[in-house]
Number of protein chains: 2
Amino acid sequence: MELDARKLEILYAIIEQYQETGEPVGSRTISKLERLNFSPATIRNEMADLEEMGLIVQPHTSAGRIPTDKGYRLYVDKMLAEQAQKTEEPRDLPALPMQDLLSRRIDRVEEMLLKMAQILAANTNYTTMVTGPHSRKSKLKFLQLSPMDKGRILAVVVLSGDIVKNNILSLDEEVGNDELMELNFILNKRLTGLSLEEINLSVISELKNEAGAHVEVVAKVLDAVAETFAKEDSYPVYTSGAPNIFRYPELTGGDRASELISTLEEKKTLGSAIGSLPSESGGSRQDIQVYIGDEVPVESMKDCSVVTATYSLGDGVQGKIGIIGPKRMNYQKVVETLKETMSHLDGIFLQTEE
Amino acid sequence: MELDARKLEILYAIIEQYQETGEPVGSRTISKLERLNFSPATIRNEMADLEEMGLIVQPHTSAGRIPTDKGYRLYVDKMLAEQAQKTEEPRDLPALPMQDLLSRRIDRVEEMLLKMAQILAANTNYTTMVTGPHSRKSKLKFLQLSPMDKGRILAVVVLSGDIVKNNILSLDEEVGNDELMELNFILNKRLTGLSLEEINLSVISELKNEAGAHVEVVAKVLDAVAETFAKEDSYPVYTSGAPNIFRYPELTGGDRASELISTLEEKKTLGSAIGSLPSESGGSRQDIQVYIGDEVPVESMKDCSVVTATYSLGDGVQGKIGIIGPKRMNYQKVVETLKETMSHLDGIFLQTEE
DNA sequence: GTTAGCACTCTAACCCGTCGAGTGCTAACA
DNA sequence: TGTTAGCACTCGACGGGTTAGAGTGCTAAC
């Protein structure tokens, strides 16, 4: 079966119509379009072919057609190819209010990411998630021990990408102020610039030697450092716009809504599922992936599509932004919005890193 | 109309039955209970009286009865009074797995609160929210400036209650390491132990004098301190168990589910609504409040009940824990669980503050 | 290759009768 | 006087039958 230009036109028309209404699209509706001014009967013939090719289906006999995953895939691939062509976008989308993010003093990356998730959710009417920045290649930028109370010190650990984490350490022994300064110096000297793998036994034993009496402190600090590197909770996940799923009846039937909301609340699972998706920075500079239906690696999202982008803070530190919506989401708008967001982010980092 | 003991018994029986099933309760069901072994007709007479008193209603003619807000209120007040009586609880509830929290090194209060919300949600099958600790009387414990990159320094601000916040400050001028140490010393000397109100103009101008050339740094640090004190985002709100609302059909009909989830996602609004509830630590030591239906100060929760407890980290630093469920929630269990949680918390803080 | 016509199918909406749960009322009973 | 049995009544839930409308596939004509 040949997939000629007209069939494609019809497929796209069905997809776009279905995106708007969420209702199966009939032949009459299509035949009313200017660019496809044929009689319903003709359209029906073509639709039968499209169905045979597995691009559309009928939910039941005598209903209109809706696109299949395969149909969407065709549509999306075409669109992505076209987007790659035109380097300069007409940018007729309403500009995102990202200026806020830009102009604000960006002191905590995490806060900015949450804000970004919120803006994206509000603008797209889909659900968004952002994984915090992380990296295997991430390095220790510096660490700082400060006295707090009797018996407790504050250890601040900073990784590349400005990932900051505080740890309050309770000590059994008493450590004087000067000694703490000394420890600070030693620790930074030995550890700064190292990645997690590079902090091996030999480094540790050297450190312990130098630390002299304060082995306990060193051990606890190293724990804290390890924890900062560790995925488990230095891998925050921000979500926003969860209630948007209620806009799409096909996502809220049965227990689906409950399952989706649960998945979104379980940020750890979500983060590792989405965060570990490959970021094939192969071809284009813009690294945007589209997962449709069954392609989504999360069980409860098999009725959804997910569009992800990878952002990068330099030094190999990166994270993912995901937009989660119904399979009939407006891929075009989502992809463009994400691209725009990525350039904003680049702007911010050029400015910050300088 | 007299509200005698038997009427009360019947009311309680209706409430308890309705808690289990969520279905209107008929006279036959009640008459089958051992302690109320009367004929359905007798029960019906009593029920008619209870309805006249506004304690129960029929959703429609010829349906069973369900409790009104007023009915619940009576029930809850009675229960709270009884709880206040017996000082020693039999504690037949399954123990909460709070040991994890206790045994873990508590380095970040916020993390512990989130964990607590999760445990409570999992144990009660309701939705929980916890507002982060805050206080008008909160004091600056200490602050620490450290060099990060060229032109940027890390300012760590610690308030009483171990509220820690990081701020990355971008400076126009270059500040040497020794100068930074000096600034550190000056700032801590002047500011440690002060509350937000006490950091007034005279303190600030003194500081600026002492700082000499580095007025810019001082200004930015003060900004950072103010921000840490400020409610807006040092007032985090953690929620957990949002999907639990789907267990209760009366909360998910129509757009209610969507509105509830939205409210839970808008943590700021939620936090200020719940967080600003009075914590009348008047009578009992255990400060537990129950809000039923319309008493809940959040529009989208008028079909819910909310039970709150106030926790306190000493030094006037406190926050709230809220449990959100249907009006037919198991108040008894929720109140007891909250009480247990509060004693756990007390345990943790006695240990920490020591 | 396109179109009009037609018979067919399926869903959604509606009506209607039935069933069962539950009520209120009354009259009889202890 | 409080309790109970009996009875007529009401209402929601359920199932079946009908109808209206949307949309299809097929065939024959253009």
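Numbers restart at 1 for each chain; the letters A, B, ... are given by sequence-line order, proteins then strands.
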Item to check | ring pair (Phe, Tyr, Trp, His ring centres under 6.0 Å) partners of residues 243-274 of chain A, not counting sequence neighbours, each pair once | outcome: A/Y126-A/Y248

Checklist outcome for this item: Rounded to whole Å, the CD-P distance (B/E52 to C/dC25) equals 11 Å

Item to check | Counterpart residues, ring-ring contact (aromatic ring centres under 6.0 Å, His included), relative to A/Y291 (two or more places apart) | outcome: none

Next on the checklist: Under the ring pair (Phe, Tyr, Trp, His ring centres under 6.0 Å) definition, can you give me all pairs with a residue in residues 15-58 of chain B, not counting sequence neighbours?
Outcome noted: none

Checklist entry - Does B/R65 make a side-chain N or O approach to OP1 or OP2 of C/dT23 shorter than 4.0 Å? => result yes

Checklist entry - Would the number of heavy atoms belonging to other residues, nucleotides or ligands and lying under 6.0 Å from CZ of A/R28 be above 12? => result no

Next on the checklist: Please tell me if B/R6 has a side-chain N or O lying less than 4.0 Å from either OP1 or OP2 of D/dG2.
Outcome noted: no

Checklist outcome for this item: From the candidates C/dG24, C/dT23, D/dT24, the one with an atom nearest any side-chain atom of B/S27 is C/dT23

Next on the checklist: Does anything in residues 46-71 of chain B form a ring pair (Phe, Tyr, Trp, His ring centres under 6.0 Å)? List the pairs, not counting sequence neighbours.
Outcome noted: none

Item to check | For A/K267, side-chain hydrogen bond (donor to acceptor under 3.5 Å, both in side chains) partners two or more places apart | outcome: A/T239

Next on the checklist: If you take any heavy atom closer than 4.0 Å to DNA chain C, which residues from residues 34-45 of chain A end up in contact?
Outcome noted: A/F38, A/S39, A/A41, A/T42, A/R44, A/N45

Next on the checklist: Taking side-chain hydrogen bond (donor to acceptor under 3.5 Å, both in side chains) as the definition, give me every residue that meets it alongside A/Y331, ordered by chain and number, with sequence neighbours left out.
Outcome noted: A/S305

Checklist entry - Step by step, would you call B/D69 with B/K327 a salt bridge (charged side-chain N to carboxylate O under 4.0 Å, His left out)? => result CA-CA 8 Å; B/D69 288 11; B/K327 289 200 282 199; 2.8 Å; yes

Checklist entry - Is the closest basic N to carboxylate O distance between B/R328 and B/E250 below 4.0 Å? => result yes

So which protein N/O to nucleotides 12-19 of chain C N/O distances come out below 3.5 Å?
none

Checklist entry - With B/S62, which residues qualify under side-chain hydrogen bond (donor to acceptor under 3.5 Å, both in side chains), at least two apart? => result none

Checklist outcome for this item: Hits for side-chain hydrogen bond (donor to acceptor under 3.5 Å, both in side chains) against B/T127, two or more places apart or cross-chain, chain-then-number order -> none

Give me the distances for all protein-to-nucleotides 11-17 of chain D N/O pairs that come in under 3.5 Å?
from, atom 1, to, atom 2, distance (Å)
D/dC11, O4', B/S62, OG, 3.4

Checklist entry - In what stems does DNA chain D take part, counting only runs of at least 3 consecutive Watson-Crick or G-U pairs whose two distances fall under 3.5 Å? => result C:1-30 with D:1-30

Checklist entry - Are any of the side-chain nitrogens in A/R73 or A/D77 under 4.0 Å away from the carboxylate oxygens of its partner? => result yes

Item to check | B/I323 versus B/M329, closest heavy-atom pair with distance | outcome: O-CE, 3.9 Å

